[in-house]
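Only one structure is covered here, and it is reproduced in the block below.
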Amino acid sequence: MSQWLANVLERSSADAGTLSSLREASLAKLKDISWPTRRTEAWRYTSLHPVEKLSLKTNAEVSEQFDAPEVDDLNSIDIVMVNGSLQTSIADLKLPNGVSICALNELEAGAAAKLNSAKPSHHLFGLVNDVLANSGLFIEVDAGTVVEQPIRVVNYTLDGVEAHSRVFVQLGEGAKCSVIEHGTGSEQSLNTVFSEYVIGDKAELEHYRFALHGGQAIHVGGCHFKLHNESKLNSTVVGYGSELSRLDVDIIHAAEHAHAKMNAVYLLGYKEHFDLHTNIEHTMPNGTSEENARGIVGDKARATFNGRIHIHRDAQKTLAELNNRNLLLSRGGQINTKPELEIYADDVQCAHGATVAEISDEALYYMLSRGINKSKALVMLNFGFIQELVNQMPNKALANWLQPQLRARFEEMGRQ
Amino acid sequence: MLSIKNLHVSVEDKEILKGLNLEISEGEVHAIMGPNGAGKSTLGYLLSGREGYEATSGNVVFAERDLLDLEVDERAQAGLFLAFQYPVEIPGVSNMEFMKESVNAVREARGEEAYTAAEFLKLAKEACKHVNLPLDFLKRGVNEGFSGGEKKRNEIMQLILLQPKLAILDESDSGLDIDALKVVAEGVNSQRDGKRSFIVVTHYQRLLDFIEPDFVHILADGKIVKSGGPELAKEVEASGYAWLEKGEEATA
């Protein structure tokens with residue numbers, strides 16, 4: 001056990017009102033856990049060394065006012081959290097009919113009992129989040145409610161702070177909504193954010209997780225989805241990488257005829273690190289999943305992608321596709337990619353692929369032959385590979401906002 | 001405009017062009033015909049500067065410059081355009097973005113001002129209509145998911161927008177049905193202004209019914225073996241390329 005984890009156990013108070021039983025259970029698991037080393041498969045390419053002796057402020061006053069980033073035409077319902085504390089007054093939000101939002105520390109017992117229904121218990125930092133998160137959001141969308149405005153949760157983590165927060169979203173039968181999780185911070189800090197989505201029968205969730213950290217920030221988080229009958233998920237993950245950045249995504253097909261689509265994009269430069277672990281559990285028949293992860297790594301950055309698809313014995317007629325493509329811009333960069341398929345049903349269609357490549361000479365020649373110079377052509381080609389997934393984002397306002405930022409970041413990577 | 005003298009070209013150490021000579025003046029349309037494997041596509045690739053196509057001897061002067069000395073993009077900026085036989089798909093780069101970058105690169109090299117997005121959009125829409133492609137082709141990835149005919153028309157759209165001094169059409173007729181062929185030919189003809197020159201590379205005479213050449217050259221085994229007027233294409237249509245082999249036997 002690391003010094004930091006010992007400190008976590010000490011800091012956690014089981015006396016946490018309606019969250020007490022969740023904390024007790026997770027605390028017991030944490031006490032039994034062995035601190036991961038590089039021999040631990042799930043952490044093979046991500047050293048937890050930067051966390052081991054970390055000692056940061058856990059109760060930092062925030063004097064400044066932080067606003068959500070301005071995005072033209074997004075028209076979202078914004079909730080801002082700074083250093084793990086809610087800054088937005090939930091009572092003052094104008095919520096559409098059929099949507100309710102409750103702060104984590106004000107949950108009734110019935111709602112609190114739903115936590116961890118989508119998040120598996122094997123995530124070390126998920127357990128840490130269970131025992132330390134004091135704040136977060138519990139969002140419910142009633143059956144049949146179609147929420148036009150996206151709900152955006154923005155997390156700022158400031159210098160010298162350790163912060164933990166939580167998001168739980170439940171969509172009733174036939175409900176539709178869009179949730180954007182936006183995390184940022186680049187100074188020395190540790191931030192965990194775990195979110196869970198329980199998507200009811202015939203409900204549809206559009207989801208975005210932007211892990212736009214950088215510099216010295218340490219971010220460990222997760223998105224966990226549970227899909228019920230004929231429900232749909234469309235998720236986009238964007239990661240920038242930082243001192244240590246790790247995201248675990250679990251998509252659980254808990255009922256039949258559910259469809260999950262996930263696109264992930266990561267752009268890393270300098271000595272940044274980003275580790276994306278995704279896990280799709282097809283436990284029931286007739287489900288489909290489609291996952292595309294694409295990354296560009298430059299300078300001395302390191303990216304890891306681990307994409308697991310687990311098709312259980314009963315999950316006949318499953319259609320699952322997973323594709324990971326990477327582009328390495330420098331000799332000092334590193335990409336570790338691993339698709340993992342476990343299939344126990346015999347009547348399924350499953351495709352996977354992972355590549356680390358350089359630019360196609362033919363495409364480059366074609367562009368040069370049209371008068372475009374080489375450096376410009378390379379930017380267009382490399383970025384095109386990422387842009388393809390950005391173009392698929394259903395929310396065009398968000399895509400229009402994100403694209404120039406990704407392009408600027410990419411152009412900067414080219415100069416490193 | 002273009003002067004090729006005793007050009008020898010090798011690909012992977014195999015000599016493909018074996019002493020080719022060709023003179024093209026302003027405003028002329030030259031058709032190059034020949035059997036498969038004669039080196040027709042090699043000529044287009046060599047002129048455009050494709051990697052792997054090496055001129056081992058001879059020289060090429062284009063618009064008073066030593067063409068072989070220029071990089072691929074510089075050749076395009078100097079006014080050379082190659083319409084590809086197999087245009088490349090580039091998903092993620094929109095056709096619009098691609099063509100705008102390309103047109104502005106060429107304009108800037110000519111000392112002209114770059115088009116603004118609005119100015120270019122207007123021109124691109126006109127060109128798109130000209131080649132009979134729906135306007136959403138401007139937004140799609142470059143050639144992404146286009147049919148063979150759509151790709152060829154997309155090449156002609158670029159020709160219209162780029163306004164080159166010399167356009168080389170590499171088998172722009174292959175794989176086209178008659179309607180698509182007419183659209184391609186009409187696009188090319190609309191760009192014949194008495195100054196712009198063309199090299200039309202084709203296996204069949206069919207395209208030349210719609211784009212009438214001033215000169216026809218027969219390329220065989222890396223050399224131009226016969227030159228003449230449009231009537232030469234008709235001869236080829238009637239008798240095929242079999243006479244070439246006979247000719248070789250006769251000289252052997």
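Every value quoted in this text rests on a predicted model; they were computed, and no experiment measured them. In what follows, chains carry the letters A, B, and so on, assigned in the order in which the sequence lines appear, proteins first and then strands, with residues in each chain numbered from 1.
- Sparse packing is recorded around NZ of A:Lys300, with 12 or fewer heavy atoms of other residues, nucleotides or ligands lying under 6.0 Å away.
- Only the side chain of B:Ile90 comes within contact range of chain A, with at least one heavy atom under 4.5 Å from a heavy atom of that chain.
- Of all heavy-atom pairs spanning A:Ala363 and B:Val88, the tightest one is CA-CG1, 3.9 Å.
- Between B:Ala105 and A:Gly371, the shortest heavy-atom contact is CB-O, 3.2 Å.
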Pairs table: donor-acceptor atoms between chain A and chain B closer than 3.5 Å:
residue	atom	partner	partner atom	Å
A:Tyr365	OH	B:Ser48	OG	2.4
A:Tyr366	OH	B:Asn143	ND2	3.3
A:Tyr366	OH	B:Glu155	OE2	2.3
A:Tyr366	OH	B:Gln158	NE2	3.2
A:Arg370	O	B:Ser102	OG	2.9
A:Arg370	NE	B:Gln158	OE1	2.5
A:Arg370	NH1	B:Leu82	O	2.9
A:Arg370	NH2	B:Leu82	O	3.0
A:Arg370	NH2	B:Glu155	OE1	2.7
A:Gly371	O	B:Gln77	NE2	2.9
A:Gln387	NE2	B:Gly92	O	2.9
A:Arg407	NH2	B:Glu97	OE2	3.0

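- Here the closest non-hydrogen pair linking A:Met380 and B:Phe98 is CE-CA, 3.9 Å.
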